[in-house]
**Student:** 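Pasting a structure below so you can have a look.
Owing to the predicted nature of the structure, the values given are computational and were not obtained by experimental measurement.
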There are 2 protein chains.
Amino acid sequence: MVTITAAGASELGTRAKPAFSLDDLNPYADGCPSRRLLDRIGDKWTVLVVGTLDDGPRRFSDIRRSVAGISQKMLTQTLRGLERDGLVNRTVYAEVPPRVEYELTVAGTTLLAPLKALERWSIEHFGDVSASWELYDDTHADSAES
Amino acid sequence: MVTITAAGASELGTRAKPAFSLDDLNPYADGCPSRRLLDRIGDKWTVLVVGTLDDGPRRFSDIRRSVAGISQKMLTQTLRGLERDGLVNRTVYAEVPPRVEYELTVAGTTLLAPLKALERWSIEHFGDVSASWELYDDTHADSAES
DNA sequence: CTGAATCCGCGGGGATACTG
DNA sequence: CAGTATCCCCGCGGATTCAG
């Protein structure tokens, strides 16, 4: 069913846009909900966390170790977000040392492909970009070279 | 040439890692430079700005209008970053009303593909995610339903 | 072990004004 | 038109502490 209300677009006032048609789903529009997905993808950790889940279910601490530098708070927050998005399943095992496993849903798996593509791109083109950095910084060494 | 020093990894102390081999270029490592690329990609605007450039060169104001909600400051900043990364070419025409055009480089074009894939994903799966939101919020309505 | 809750600094990023 | 410079707010996110 899923009735989509234009939450967040209401404060614009003038435009009475009750719902979004599929044609309106271009991420370049300001109030467009699909932009929220890009925002989520764009957050610092989502890409990395999802990336660690392609090998099957993993425990909280396990993921934490895989993604170097992530704090407990951010991992929890990221996982909650992904769970809310329906991209990750959270399973709690009632044991004495609590065990929680996270696993990609079917939808989550579909996201994995483009994400891995990005990952691959950043690895493959690191050399080019790094070279470009030096060139740029060299060319623009006119001010503030410290 | 591009000598890559392990900046940021030195404070780990124990591991004496002087430089990165290609095998070390996994974005999950903390100090890994390829992570910086993901960070750049992950910033709020890069995806959208690059996405507007697939139709050929565009002017500053033109891009600004296409990406709803972006401020002039952020657009400038994003474009500078992309230029430094060697993903965008900046061309200034010495005219009376100054005209500046931005255009994807070859490297920039290679990034376009995975980025468009993400864009497409966010559009295609918006329905699923939106449904998941309602389900999640409904299930977890135990606290703070306001 | 898996989290929730709190404190808080820093920087992202918007608004505005000014230059070439 | 295409920026640069400045002010300043707010929220991201790290560190720490407490709970089941």
Side-chain angles (χ1 to χ4, degrees), chain A residues 8 11-12 30-31 35-36 38-49 52-53 57-84 88-103 136 140 142-144, chain B residues 8 11-12 30-31 35-36 38-49 52-53 57-84 88-103 136 140 142-144:
Chain A
E11 54 259 300
L12 295 178
D30 202 359
R35 176 116 135 207
R36 298 195 45 162
L38 280 186
D39 285 352
R40 170 159 304 286
I41 291 167
D43 88 50
K44 198 178 177 184
W45 301 112
T46 299
V47 177
L48 296 171
V49 169
T52 60
L53 292 177
R58 300 189 70 180
R59 304 187 54 171
F60 186 86
S61 300
D62 193 14
I63 303 172
R64 186 150 156 60
R65 271 186 299 273
S66 291
V67 183
I70 194 172
S71 66
Q72 176 268 328
K73 174 183 173 181
M74 279 303 101
L75 179 54
T76 301
Q77 191 170 304
T78 303
L79 287 170
R80 285 291 176 283
L82 289 171
E83 189 191 359
R84 200 181 108 105
V88 158
N89 273 333
R90 180 172 180 268
T91 312
V92 183
Y93 297 91
E95 301 177 355
V96 181
R99 181 162 58 101
V100 181
E101 284 192 344
Y102 295 89
E103 178 181 26
Y136 186 93
H140 298 70
D142 47 359
S143 60
Chain B
E11 54 260 298
L12 295 179
D30 202 358
R35 178 117 131 204
R36 298 194 46 162
L38 279 185
D39 287 352
R40 172 160 301 287
I41 292 167
D43 89 48
K44 198 179 179 185
W45 301 111
T46 298
V47 178
L48 295 171
V49 169
T52 60
L53 292 177
R58 300 188 70 180
R59 305 187 52 170
F60 185 87
S61 301
D62 193 14
I63 303 172
R64 184 150 158 61
R65 271 186 298 273
S66 292
V67 182
I70 194 171
S71 66
Q72 176 270 333
K73 174 183 173 181
M74 280 302 101
L75 179 53
T76 301
Q77 192 170 305
T78 303
L79 288 171
R80 285 292 177 283
L82 288 171
E83 189 190 359
R84 200 181 109 106
V88 158
N89 273 333
R90 180 171 180 268
T91 310
V92 183
Y93 297 91
E95 301 176 354
V96 181
R99 180 163 58 102
V100 181
E101 284 192 344
Y102 295 90
E103 177 180 25
Y136 186 93
H140 299 70
D142 46 0
S143 60

**Student:** Base, sugar-phosphate, or nothing for Arg64(B), non-hydrogen atoms under 4.0 angstrom?
**Tutor:**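 Nothing, no heavy atom under 4.0 Å.
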**Student:** Rounding to an integer number of Å, can you tell me how far Arg65(B) CZ sits from dC1(D) C1'?
**Tutor:**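 Atom CZ in Arg65(B) sits about 10 Å away from atom C1' in dC1(D).
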**Student:** Could you tell me how far apart Met74(A) (CE) and dG3(C) (C1') are, to the nearest whole angstrom?
**Tutor:**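 Interatomic distance, CE of Met74(A) to C1' of dG3(C): 13 Å.
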**Student:** Quick one: Leu75(A) CG to dA4(C) C1', roughly how many Å, whole number?
**Tutor:**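 In whole Å, dA4(C) C1' lies 14 Å from Leu75(A) CG.
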**Student:** Do Arg58(A) side-chain atoms and Glu103(A) backbone N/O form a donor-acceptor pair below 3.5 Å?
**Tutor:**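 Checking the backbone N and O of Glu103(A) against the side chain of Arg58(A), no donor-acceptor pair under 3.5 Å is found.
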**Student:** Given atom CG of Asp62(B) and atom P of dG3(D), what is their separation to the nearest angstrom?
**Tutor:**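 For the pair Asp62(B) CG and dG3(D) P, the rounded distance is 13 Å.
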**Student:** With side chains defined as the heavy atoms from C-beta onward, is the minimum distance between His140(A) and Arg84(B) less than 4.5 Å?
**Tutor:**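 Side-chain contact under 4.5 Å: no.
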**Student:** Round to a whole Å and report the spacing from CD of Gln77(A) to C1' of dA5(C).
**Tutor:**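 From Gln77(A) CD to dA5(C) C1': 13 Å.
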**Student:** With no hydrogens and no angle check, just 3.5 Å: does a side-chain donor-acceptor pair link Thr91(B) and Arg99(B)?
**Tutor:**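 Looking only at side-chain atoms, Arg99(B) and Thr91(B) do not form any donor-acceptor pair under 3.5 Å.
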**Student:** Using the side-chain heavy atoms of Tyr102(A), tell me which of these nucleotides is nearest: dG3(C), dG3(D), dG14(C).
**Tutor:**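 For Tyr102(A), the side-chain atoms sit closest to dG3(C).
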**Student:** Below 4.5 Å, heavy atoms only, C-beta onward: do Arg59(B) and Tyr102(B) meet side chain to side chain?
**Tutor:**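 When only atoms from C-beta onward are counted, Tyr102(B) and Arg59(B) do not touch, as no gap falls below 4.5 Å.
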**Student:** With no hydrogens and no angle check, is any side-chain donor or acceptor of Arg64(B) less than 3.5 Å from a backbone partner on Ile70(B)?
**Tutor:**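 Checking the backbone N and O of Ile70(B) against the side chain of Arg64(B), a donor-acceptor pair under 3.5 Å is found.
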**Student:** Please tell me which of Lys73(A) and Val100(A) maps to the more 5' nucleotide of DNA chain C, matching each residue to the nucleotide holding its nearest heavy atom.
**Tutor:**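 Nearer the 5' end of the strand: Val100(A).
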**Student:** What is the distance from CD1 of Ile70(A) to C1' of dG13(D), rounded to the nearest Å?
**Tutor:**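 One finds 10 Å between C1' of dG13(D) and CD1 of Ile70(A), rounded.
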**Student:** Is Gln72(B) side chain donor-acceptor paired with the dA15(C) base, going by distance under 3.5 Å alone?
**Tutor:**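 Such a pair does not exist between side chain and base.
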**Student:** Closest approach to the side chain of Pro98(A), judged atom by atom: which nucleotide of dC1(D), dA4(C), dC1(C) is it?
**Tutor:**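 Of the candidates, dC1(C) comes closest.
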**Student:** Between dC1(D) atom C1' and Leu79(B) atom CG, what is the distance in whole Å?
**Tutor:**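 That distance rounds to 14 Å.
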**Student:** Output the rounded distance in Å from CZ (Phe60(A)) to C1' (dG20(D)).
**Tutor:**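 Taking atom C1' of dG20(D) as the reference, CZ of Phe60(A) is at 15 Å.
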**Student:** From the list dG3(C), dG14(C), dC1(C), which nucleotide is the closest neighbour of the side chain of Pro97(A)?
**Tutor:**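 The nucleotide sitting nearest to the side chain is dC1(C).
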**Student:** Think Arg59(B) has a side-chain N or O under 4.0 angstrom from the OP1 or OP2 of dC1(D)?
**Tutor:**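 For dC1(D), neither OP1 nor OP2 has a side-chain N or O of Arg59(B) closer than 4.0 Å.
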**Student:** Under 4.0 Å: is that the gap between some side-chain N or O of Arg80(A) and OP1 or OP2 of dG3(C)?
**Tutor:**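 For dG3(C), OP1/OP2 do have a side-chain N/O of Arg80(A) under 4.0 Å.
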**Student:** Looking only at side-chain N and O atoms, does Ser61(B) come under 4.0 Å of OP1 or OP2 in dA2(D)?
**Tutor:**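 Yes, Ser61(B) has a side-chain N/O under 4.0 Å of OP1/OP2 on dA2(D).
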